[in-house]
Amino acid sequence: MASRLEQDLSCPICCELFRDPVVLSCSHSFCKVCLENWWKDKPLKTCPVCKRRSSRKNPPLSLALKNLVETFTEERRQTSPSPAQPECSLHSKKLRLFCEDHQDLICLVCRDSRTHKDHSFRPIEEAAQELREQLRRDLTPVQENFLTLSDVSPQVLARSRAQLESSEAHITAQARRAQTQIRAQFEKLHQFLREEEESRMKALREEEEQKTQRMKDMMAAVSRDMEAVSQSVSETEELLRAADASFLLQYKTAAKRLQQRPLVEDMGPGALIDQAKHLGNLGFNIWRNMKSLVQFYPVILDPNTAGPRMILSEDLSSVRGGEEEQEVPQNPERRRDYYVLGSERFVSGTHSWDVEVGESKVWYVGVKEFVQGRDVTKERVWCICFYNGKYSASSPSVRGKRLSVKKKLQRVRVKLDFGSKTLTFTDPDTNTDLLTDTGFISEGLTPYLCTPEDVPLKILPRNITVTE
């Protein structure tokens, strides 16, 4: 770090020790060359530090300051230890030359090697002096730009800071809203999964109870048969011990009773838990059941492109006009008009989406060629619009073409085919072609919706098909 004395003896422009210092009428001093470069092409000769106009067009040389710099330099040279001469890592020789081709220090052995064959070399001191001057020249415009910032008024800086602070707050608010919506969406999914889990567990429990009860009923029947057989055996054994006359009287009944075999029930098919029904493709079946819970929108609107009066839905699928302007950052993607763009720029392939216009009295539906920056005149638009109760079409080749629509439009379908370079607008309810533009050339098109009305324009979700 430079000492206080060294700082006092340094030029405010190049930040190095003064070389031929000159002094202005305001008492500020600068290197003569630095000041001349600073004043170059400037109509007013002002001090680079205090901005006061100098009364001296050719400021005098400050001999006292020059002597002080020379004395300081000499004392520092004498008191500072000489830096060790670096050595070549390959040959352990002193680095004495600068290779201009490799922009690196080399030793004398390196100079004669194949690596540096036909290269240009210069002594270290000479190369350092020239490159130091080059670096000073490169530093001058950077310093000028930096010092020019002091010319900006405090009001402009305050407005710029306020805009940045507002943008920071907007980013924080965006993140908080997104977090809330993400949590809500996942809670919805979690609730569905919990209910799906409970439903499947309930079905499993019911089948378990039903089939377990059947096993219990069969075991009870077997127990009853075993008890009957045991009793029949006991009665027969007792009859065998009876007198002849008594035996003969009961023989027929006993013989018939012994011929009755116990009924052994077979479990039959389907007696066990149907694990295949409960576990087979479990994850797929749950995912398939989620079709009713989730929606897929072929186009997602980008709130960072929406005008200050445009109000988007939480899922970014619809937009409507508001009465008052919202406080939004003026980022490069945003426009001041009543429109919003899609989040994706299409550059190839085939794309289509349906927009519900409903009862809106003013609307524009189409695609826009988004151009970075503020030059909106270069942004071409292809669209169908409804205004003053009339339908019309607009494109770079057609301006305000009146459309004959027999039935009031409720939906507009936009289809973009980069392969055939065809853009079509149709009424999906009647399958009527509204506008077809062929042969367009564009590096990319973005969905475009515009309305000042409170009635929203909605991107309609697409049907989800799960193929097994």
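Side chains are part of it too, since the values below use all heavy atoms of this structure and drop only hydrogens, waters and symmetry mates. All residue numbers refer to positions in the sequence shown, counting from 1.
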Specify the closest pair of heavy atoms between [X] and [Y], including all atoms of both residues, with the distance to one decimal.
X	Y	value
Lys361	Phe386	O-CD2, 3.3 Å
Val365	Val357	CG2-CG1, 4.1 Å
Arg137	Gln134	NH2-OE1, 2.7 Å
Leu108	Leu97	CD2-CD1, 3.9 Å
Cys99	His116	SG-ND1, 3.5 Å
Pro59	Leu35	CG-CD2, 3.8 Å

Answer yes or no: are there more than 12 heavy-atom neighbours, outside [X] itself, under 6.0 Å from its atom [atom1]?
X	atom1	value
Lys401	NZ	no
Asp433	CG	yes
Gln410	CD	yes
Arg462	CZ	yes
Gln275	CD	no

Between the side chains of [X] and [Y], is a donor N or O closer than 3.5 angstrom to an acceptor N or O?
X	Y	value
Asp427	Thr430	yes
Asn304	Gln174	yes
Gln129	Glu125	no
Asn289	Ser292	no

I need the [X] [atom1] to [Y] [atom2] distance, nearest 0.5 Å.
X	Y	atom1	atom2	value
Ser10	Phe18	OG	CZ	7.0 Å
Leu189	Leu193	CG	CG	6.5 Å
Ile300	Asp315	CD1	CG	7.0 Å
Leu17	Thr73	CG	OG1	5.0 Å
Trp363	Cys385	CH2	SG	7.5 Å

Can a donor-acceptor pair be found, under 3.5 Å and without considering hydrogens, that links the side chain of [X] to the backbone of [Y]?
X	Y	value
Trp39	Thr46	yes
Ser317	Ser313	no
Thr180	Arg176	yes
Asp138	Glu133	no
His28	Ser25	no
Ser167	Gln163	yes
Gln181	Glu314	yes
Arg334	Pro329	yes
Ser360	Val362	yes
Asn281	Phe284	no

Review point. Do Thr424 and Asp417 pass the side-chain contact (heavy atoms from CB on, under 4.5 Å) test, and can you show the C-alpha distance, the side-chain angles, and the key distance before you say yes or no?
Key: CA-CA 9 Å; Thr424 58; Asp417 188 344; over 6 Å; no
Review point. Is the Phe98-Phe121 ring centre distance short of 6.0 angstrom?
Key: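 No, too far apart.
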Check your understanding: Is Asn67 close to Glu70 at the side-chain level, that is, under 4.5 Å between some pair of heavy atoms?
Key ->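 Yes, at least one pair of side-chain atoms sits under 4.5 Å.
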Residues [X] and [Y] bridged, charged N to O under 4.0 Å:
X	Y	value
Arg411	Asp429	yes
Arg200	Glu196	yes
Glu323	Arg309	no
Arg320	Glu453	no
Arg194	Glu187	yes
Glu369	Arg345	no

Practice item. Determine, step by step, whether Leu341 and Leu449 satisfy the side-chain contact (heavy atoms from CB on, under 4.5 Å) criterion, reporting the C-alpha distance in whole Å, the side-chain angles of both residues, the deciding distance to 0.1 Å, and the verdict. Key: CA-CA 6 Å; Leu341 300 179; Leu449 297 180; over 6 Å; no
**Study point:** Verdict with supporting geometry, Leu61 and Val23, side-chain contact (heavy atoms from CB on, under 4.5 Å)
**Key:** CA-CA 7 Å; Leu61 184 68; Val23 60; over 6 Å; no
Practice item. Identify the residue among Val355, Val414, Leu403 that makes a side chain to side chain contact (heavy atoms under 4.5 Å, CB included) with Phe425. Key: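 Testing Phe425 for a side chain to side chain contact (heavy atoms under 4.5 Å, CB included) against Val355, Val414, Leu403 leaves exactly one candidate, Val414.
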Review point. Given Trp353, which of Phe296, Tyr297, Phe346 fulfils the ring-ring contact (aromatic ring centres under 6.0 Å, His included) condition?
Key: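 For Trp353, the ring-ring contact (aromatic ring centres under 6.0 Å, His included) check succeeds only for Phe346.
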Review point. What's the verdict on side-chain contact (heavy atoms from CB on, under 4.5 Å) for Val319 and Ile311, showing C-alpha distance, side-chain angles and the deciding distance?
Key: CA-CA 6 Å; Val319 62; Ile311 302 174; over 6 Å; no
Exercise for review: Could you label the plane-to-plane angle of the His102 and His119 rings as parallel, tilted or perpendicular, counting under 30° as parallel and over 60° as perpendicular?
Suggested key: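 Taking His119 first and then His102, their aromatic rings stand perpendicular (interplane angle over 60°).
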Check your understanding: Does NZ or CZ of Lys368 come closer than 6.0 Å to the centre of the six-membered ring of Tyr339, within 45° of the ring's axis?
Key ->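 Ring-cation test returns yes.
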Review point. When you look at Glu197 and Lys202, which way does the salt bridge (Lys or Arg N to Asp or Glu O under 4.0 Å) test go after all the steps?
Key: CA-CA 8 Å; Glu197 178 187 12; Lys202 181 181 178 182; over 6 Å; no
